[in-house]
Amino acid sequence: MDKLITCLYRRPSATTRLICFPWAGGGSIYFAQWARLFDDSIEVYSVRLPGRESRSQEAFAQTMDQIVNEVTNTLLPKLHEKEFAFFGHSFGAFTSFATAVTLKQKHNLEPVHLFVSGVSAPHSESRSSVVKKSELSDEEFLRYMSEAGGTPKEILQNKDALQMFIPPLRADLRVVENFIYDKPASPVLSCGLTCFDGTEDNPHDLDAWKDLTSGDFNIHKLPGGHFYLKDPANEKQLVKYITKYLETAEMDYL
């Protein structure tokens, strides 16, 4: 459990757990720190994938199934304790969605809400036209990292630091590029689903996410690029939206 999850603020009396999935190449610390922004009714778990932070000596995940199986098997006992919701940004949106589907199909468990950010739906046709970033040359890859934002300039200009950042990013991009998901004949989830995106990011097919759930569906756009969520003002807005939706989900449950 402690290998997979970072929880900086334990809240045993919380009514809901928000489980956050990192972006490609990301660790667990950013989302773990989100807990300080939520009240005591929400406990934040942040997923730490193999190959980073305290798991730096482990091999990177090669497939989406590998990630989903580890998260599901590790968290399953905790998921029976209280309501839970998922939040995933970019690559994390896909891993959180794939985990939610597996939980529903194999264990009849479902998050009360799925929050996805910064990415088109997994079955969207727009994904087929995207260049495979994991196959870019080192020079092109650095340009991509710079344009996407989210990586401090000090790291982009430090070759030693890049040796730590680039491998997990490439590995995660390879996983998501090989993640093929066809449009389902009917929604695979019944929970509420909310999309967030930056107004200055590359356009994403957010509407297609509606095909995946029979629950409530919403879209919110906040100012900024791909890493709009790192802006403190946007963080506060995200927390406000998430809290509102989880309070609504709790009332529906009661």
Gap between atom [atom2] of [Y] and atom [atom1] of [X] - 0.5 Å precision:
X	Y	atom1	atom2	value
Ser56	Met164	OG	CE	7.5 Å
Leu173	Lys133	CG	NZ	7.0 Å
Ile19	Lys78	CD1	NZ	10.5 Å
Ser46	Phe87	OG	CZ	11.0 Å
Asn234	Leu222	CG	CG	4.5 Å
Leu8	Ser28	CG	OG	7.5 Å

Of the non-hydrogen atoms in [X] and [Y], which two are nearest, and what is the gap between them?
X	Y	result
Ala85	Thr16	N-CG2, 4.3 Å
Ala121	Trp209	N-NE1, 3.2 Å
His204	His226	CE1-ND1, 4.4 Å
Glu235	Leu229	CG-O, 3.1 Å
Asp182	His123	C-CB, 3.8 Å
Asp211	Pro184	O-CG, 4.2 Å

[Y] and [X], any side-chain heavy atoms less than 4.5 Å apart:
X	Y	result
Thr102	Val68	yes
Glu177	Arg127	no
Pro50	Phe60	no
Asn178	Met64	no
Tyr245	Asn218	yes
Leu212	Tyr181	yes
Pro22	Leu49	yes
Trp34	Ile42	no

Test Leu18 against Phe84 for side chain to side chain contact (heavy atoms under 4.5 Å, CB included), laying out the working first. CA-CA 6 Å; Leu18 178 65; Phe84 63 94; over 6 Å; no
With a 6.0 Å cut-off on the ring centroids, do Phe97 and Phe86 count as close? no
Suppose we call two aromatic rings close when their centres sit under 6.0 Å apart. Are Trp23 and Phe31 close by that rule? yes
Could you go through Asp172 and Arg52, starting from their C-alpha distance and side-chain angles, then the distance that decides it, and tell me whether this counts as salt bridge (Lys or Arg N to Asp or Glu O under 4.0 Å)? CA-CA 11 Å; Asp172 290 351; Arg52 61 215 79 193; 2.7 Å; yes
Looking at Asn108, I want to see if its CG is surrounded by more than 12 non-hydrogen atoms of other residues, nucleotides or ligands under 6.0 Å.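 Count not over threshold, so no.
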Heavy-atom count around Phe165 CZ within 6.0 Å, excluding the residue itself: above 12? no
Determine, using the 4.5 Å side-chain heavy-atom cutoff (strictly less than), whether [X] and [Y] are members of one ILVMFWY cluster.
X	Y	value
Val175	Phe21	yes
Phe179	Leu169	no
Ile219	Ile242	no
Phe91	Ile180	no
Leu136	Leu142	yes

Pairs under 3.5 angstrom only: tabulate donor-acceptor contacts from the side chains of residues 111-120 to other protein residues two or more places apart or in another chain.
| from | atom 1 | to | atom 2 | distance (Å) |
| --- | --- | --- | --- | --- |
| His113 | NE2 | Thr194 | OG1 | 2.7 |
| Ser117 | OG | His89 | ND1 | 2.7 |
| Ser117 | OG | Tyr228 | OH | 2.6 |
| Ser120 | OG | Ser126 | OG | 3.2 |
| Ser120 | OG | Asp205 | N | 2.8 |

Output every pair passing salt bridge (charged side-chain N to carboxylate O under 4.0 Å, His left out) with a member in residues 14-28, not counting sequence neighbours, ordered by first then second residue.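 Checked against salt bridge (charged side-chain N to carboxylate O under 4.0 Å, His left out) - neighbours excluded - the pairs reaching residues 14-28 are Arg17-Glu43, Arg17-Glu81.
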Where at least one partner belongs to residues 86-104, residue pairs that pass salt bridge (charged side-chain N to carboxylate O under 4.0 Å, His left out), sequence neighbours excluded: Lys104-Glu110
Taking [X] for the side chain and [Y] for the main chain, is one N or O donor matched with an acceptor at less than 3.5 Å?
X	Y	value
Arg11	Ala35	yes
Ser146	Arg143	no
Lys82	Ala14	yes
Thr72	Asn69	no
Arg36	Gln33	yes
Gln66	Gln62	yes
Thr213	Gly215	yes

For a quick check under 3.5 Å, do Asp39 and Ser41 share a side-chain donor-acceptor pair by atom type?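 Checked: Asp39/Ser41 side chains pair up, N/O donor to acceptor below 3.5 Å.
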Mind running side chain to side chain contact (heavy atoms under 4.5 Å, CB included) on Arg174 and Glu135 for me, showing each step along the way? CA-CA 8 Å; Arg174 197 170 295 116; Glu135 298 177 357; over 6 Å; no
Tyr241 six-ring centre to Lys244 NZ/CZ under 6.0 Å and within 45° of normal: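 The answer is no; the distance or angle limit is not met.
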Please report the C-alpha distance between Leu206 and Lys221 in whole Å, then the side-chain angles of each, then the deciding distance to 0.1 Å, and finally whether the side chain to side chain contact (heavy atoms under 4.5 Å, CB included) criterion is met. CA-CA 10 Å; Leu206 303 179; Lys221 293 192 176 184; 4.0 Å; yes
Ion pair check, Arg48 and Glu70, cut-off under 4.0 Å: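 Salt bridge absent between Arg48 and Glu70.
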Could you walk me through whether Leu246 and Thr15 satisfy the side chain to side chain contact (heavy atoms under 4.5 Å, CB included) test, starting with their C-alpha distance in whole Å, then the side-chain angles of each, then the deciding distance to 0.1 Å, before giving a yes or no? CA-CA 10 Å; Leu246 293 185; Thr15 55; over 6 Å; no
